[in-house]
Amino acid sequence: MTHYIVRRLLLLPVVAFGATLLIFIFMQFLSPYQLVSTYVRSPEELRHADLDTLVKKYHLDAPFYERYFDWVGNILHGNLGWSATSNDWVAHSIAARFPATLELAIYAAIPMALGGIWLGTVAAVNHNRFWDHVTRIFAIIGWSLPTFVFGLVFLMVFYVWLGWFPPGRLSTWATQVVISPSFHAYTGMYSIDALLNGRLDVFFNALQHLVGPVITLSYLYWALLLRITRSSMLESLRQDYVRTARAKGLEESVVIKKHARRNALIPVATSVGLMFLGLLAGVIITETVFNYPGIGLLTYQAAAQLDYPMVLGICLLYAGLLVLVNLVVDIGYALIDPRVSLD
Amino acid sequence: MRMDRDRLRGGALWFFVAVVLSAVALWSVAAGAQVKNPDSIVYAMYGEPETLDPAFAYDTASGEAIYNIYDNLIAYDKGSTSDFVPMLATKVPSLKNGLISKDGRTYIFPIRRGVKFQNGATLTPLDVEYTFERAMLLDPAAGPTWMISEPLLGYATLTELAAHLMGVSPDKVDMKKLPAKVVREIYDRVTRAVEVKGDNVIFHLAKPYPPFLAILAHGASWSAIINKKWAIAQGAWDGLPSTWPKYHDPQPQADPLYAKAMGTGPFKLETWQRGSQYILTRFDGYWQGPAKIKTVYAKKVDEFSTRLMMLQTGDADIIMVDPPYLPQVEKLDGVRVTKSLPRLQNTTAFFNYNIDPKGNDYIGSGKLDGNGIPSDFFQDIHVRKAFNYLFDWDSYIKQVLLGQGAKPYGPVPQAMAYYVNKKAPTYSFNLEKAAEEFKQAFDGKLWQTGFKMTITYNTGNEARKTACEMLAANAAKVNPKFRIETMAVQWPVFLQKYKAGVLPLFIIGWLADYPDPYNFVQPYMASTGAYGSTQGDYFVQMARKDFDPLIDETINNVDPAVRRAAFFKLQELAYERAIDIFLVEPYGNHVERTWVKGWYFNPVRPGEDFYILSKGE
């Protein structure tokens, strides 16, 4: 197992190098006057901009390999560069924004995985009966309702009408607590930091702000996971070993939970891993609607403005996450299915 | 019977739930009516500052933060754009009080005593001197310091000054490898331009410069006064003659004041969480007395619906609203909307007089054969006039901007009324006149052959999209052989095409740096103007011959009557030559909860002035 983990971790630099090189190669198809859009962001800003001076100042006319090796050189000195879209160092921007997204993803992943697997199991066990139809409708709504609409409706009901779950990360009073010198930001995840600082009021405030984006995100992924679990369960339920278990006289709940579901979870585990990555990367709309300043929005803005230092920084982060999540999924296989060996 | 009982139970449960929810909702609405966060202002905006360094900042969001943290030497008198009051100076220089010399080249500012910076330091004239000298020497590319350098040094950038001293063209100058003699000469010129004598700071101008006071006034973030000792301690220019090239035109990350701020203004920077919000707290030692508001939360909320809901619940006190969304906020209870605010801004469709035909997809065949346009298409004055007659201002302003804009008279916005001739003619939507002009274009050939071209707008700008579509539809109405296609292009592509000179027509807006009409005629009509210079050699030649002498008259003359005559003449020429299509002067608006008190409008102010605000029923 240890060998396997080390082997996989050694892949990380290769994946990172490949991904960033690919981005740089794509970038050579862009002219310096397209790349300068990072620094001149709208037609209105053209009034001040001498484009030639800016191209020269930021070395945008240098060959792509020169810029790539400069960038790699800086990385080796621990510097990911400066982002013109966030007006900040890339590493600092990511460090400031990623914990927010990670916090959101963690809170969303738990109900997503548990709820999706449970509902999928219920649907499969009640195949073509009432609960199967109910979950199917639930899934169809989840898939067909745009996140944007769901988020806005959620805010209208639970924020404007009921005043329960506001957008943002914290209320103004809690923000004052968090930025005060006595509050230590250990992780950047407010709910966890609040607990570590012994501030239950801030913890509940952070949770209150997480409910909206978490439900919005979870619902979409629930729907997907439910369908995957259902299909996989149906497949398992038709297997001989399930029939044998039933023939042995085992209780139905034991047959379902221990024999059928455990085997059905292998494809589900893969999906959960990928979905978790998706939660970390693709929550732009949810972050926008709930004004939740995470990394999804940052990625989108950086890509739209051709802010390549930021795009590359985020790419490195995701390369690392991809390797790690795949590793966790592989370990999960071994735990679910004793036939799978990692050595 | 049992089923009925169950139904009744179920009905009662739902009724109970509905009652509870309604009660909670009513409670929420009632709670929303009370003043929330009574000693704070929550301001939901889109965008955020790029930097907090006064010498670097050139965007409105940065200017807004700097406005509330720093003070300037003088300020505008409430809503005026031409009357000043003292701020960190004790008097506003004028010819009458003798603080402006008769030749208009020396300005004396007596500096106020006893003013404290937010770190407890006392303001001195040396801080003022350092502020302007550092700004000129920092000289960031695409930054604001040209406004200080041009009047004081006679050159907009140090590169131009160095080129002059070295006798070469600016593109041959490497600012990082200047000869020691040039480094010293530039330093001497900069330090001679701003001097301290006793309690006075004296500016020596290279030539009379009528907008100079406006360039210094509060709202002009580049003239915000910084503390010399603090700035040097942060790593800014150390004040020595030989070291300034090291600090010249830095990349943002190399500017030590890029994300730091400390001034004499009413609010201190508490924190700036980039991409999220900045928080300002009251500076109790403010020389004009502490602000009524204790804390300002300026939150970046990009999605309008979210901003709207924050306003509705009272979680936001002030929000930014684009004109198409105004009807949604106007019907809210407890919300005050002030609209139709004249701004120092306009939006214009620029003609390209020398379209680069190389690999150009926007001009079809590149010939006058019905399948394209030649590169000199807009050199024909009849074409330009016809295009002006094609634009339907009334419909555009009423239907697209929902009345939130005014039809321009020329390059100078009507907010500077004294310099705008409202009796002069303007183009109006008239398809018959458009047809007449088109029939005369290219000696009648254009009407016979027709043309085909593509006009572009940057993706996401709906108002500009509609403007392009109106031109296209109206051209086809005049003559079915006139085919204009409209195309959305991503901003990086737009920028590249603009630079390459391949766009036949492009729409861009201009927002005033300071309230003087020179700031509009120069970029629009001068041969060296920010836009004029990009409209092709034909335009540049025309401008050099006919516009530049008049523009020089407006900047080299301090007599308002003489300047006015020159601005009127330029307006007349812009009309006669139909140099561009002046589309609209968009109005501004201000949306706040009714519990916010004290706001008033000044078109020069970059955003909100939190010092004037308070909260209460």
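Numbered from 1 within each chain, the chains take letters A, B, ... in sequence-line order.
With a 4.5 Å cut-off on non-hydrogen atoms, B:T295 touches chain A through its side chain but not through its backbone. Interface remark: A:A304 contributes backbone atoms only to the contact with chain B (heavy atom separation under 4.5 Å). Both the backbone and the side chain of A:Y58 come within contact range of chain B, with heavy atoms under 4.5 Å apart. Neither the backbone nor the side chain of B:S40 comes within contact range of chain A, judged by heavy atoms closer than 4.5 Å. Looking at B:Q490, there are no atoms closer than 4.5 Å to chain A (heavy atoms on both sides), in backbone or side chain. Proximity to chain B is absent for every atom of A:Q305, based on heavy atoms less than 4.5 angstrom apart. Heavy-atom distances place the side chain of A:F148, and not its backbone, under 4.5 Å from chain B. Neither the backbone nor the side chain of A:V157 comes within contact range of chain B; no heavy atom of the residue lies under 4.5 Å from a heavy atom of that chain. Residue B:Y258 touches chain A through its side chain alone, counting heavy-atom pairs closer than 4.5 Å. For chain A, the nearby part of B:P49 is the backbone; its heavy atoms alone come within less than 4.5 Å. Using a 4.5 Å cut-off between heavy atoms, A:L152 contacts chain B through both its backbone and its side chain.
Close approach to chain A, defined as a heavy atom under 4.5 Å from one of its heavy atoms, is seen in B:V301, B:D302, B:E303, B:S305, B:T306, B:M309, B:M310 of residues 301-310 of chain B, taken by number. Contact annotation for residues 167-182 of chain A against chain B (heavy-atom separation below 4.5 Å, listed by residue number): A:P167, A:L170, A:T172, A:T175, A:Q176, A:I179.
Distance CG/A:N291 to CG/B:D315: 11.5 Å, rounded to 0.5 Å. Rounded to the nearest 0.5 angstrom, B:Q253 CD and A:H92 NE2 are separated by 14.5 Å. With rounding to the nearest 0.5 Å, the separation of NZ in B:K300 from CG in A:L297 is 6.0 Å. Note that CG of A:L162 and OG1 of B:T313 are 12.5 Å apart. Values are rounded to the nearest 0.5 Å. Between atom CG of residue B:D249 and atom NZ of residue A:K56 there is a gap of 10.5 Å, rounded to the nearest 0.5 Å.
Of the possible polar contacts, one joining the A:K57 side chain to the B:P250 backbone as a donor-acceptor pair under 3.5 Å is found. Remark: the backbone N or O of A:S86 is not paired with any side-chain donor or acceptor of B:E50 at under 3.5 angstrom.
More than 12 heavy atoms of other residues, nucleotides or ligands shown are found within 6.0 angstrom of CG on B:D171. More than 12 non-hydrogen atoms from other residues, nucleotides or ligands lie less than 6.0 angstrom from OH of B:Y46.
Listed by chain and number, the residues in a side-chain contact (heavy atoms from CB on, under 4.5 Å) with B:P606 are B:T60, B:Y67 (sequence neighbours excluded). Under the salt bridge (charged side-chain N to carboxylate O under 4.0 Å, His left out) criterion, A:D88 pairs with B:R274, not counting sequence neighbours.
In terms of heavy atoms, B:S276 sits closest to A:P293 at OG-CG, 3.7 Å.
Side-chain contact check for B:L495 versus A:L51: some heavy-atom pair is nearer than 4.5 Å.
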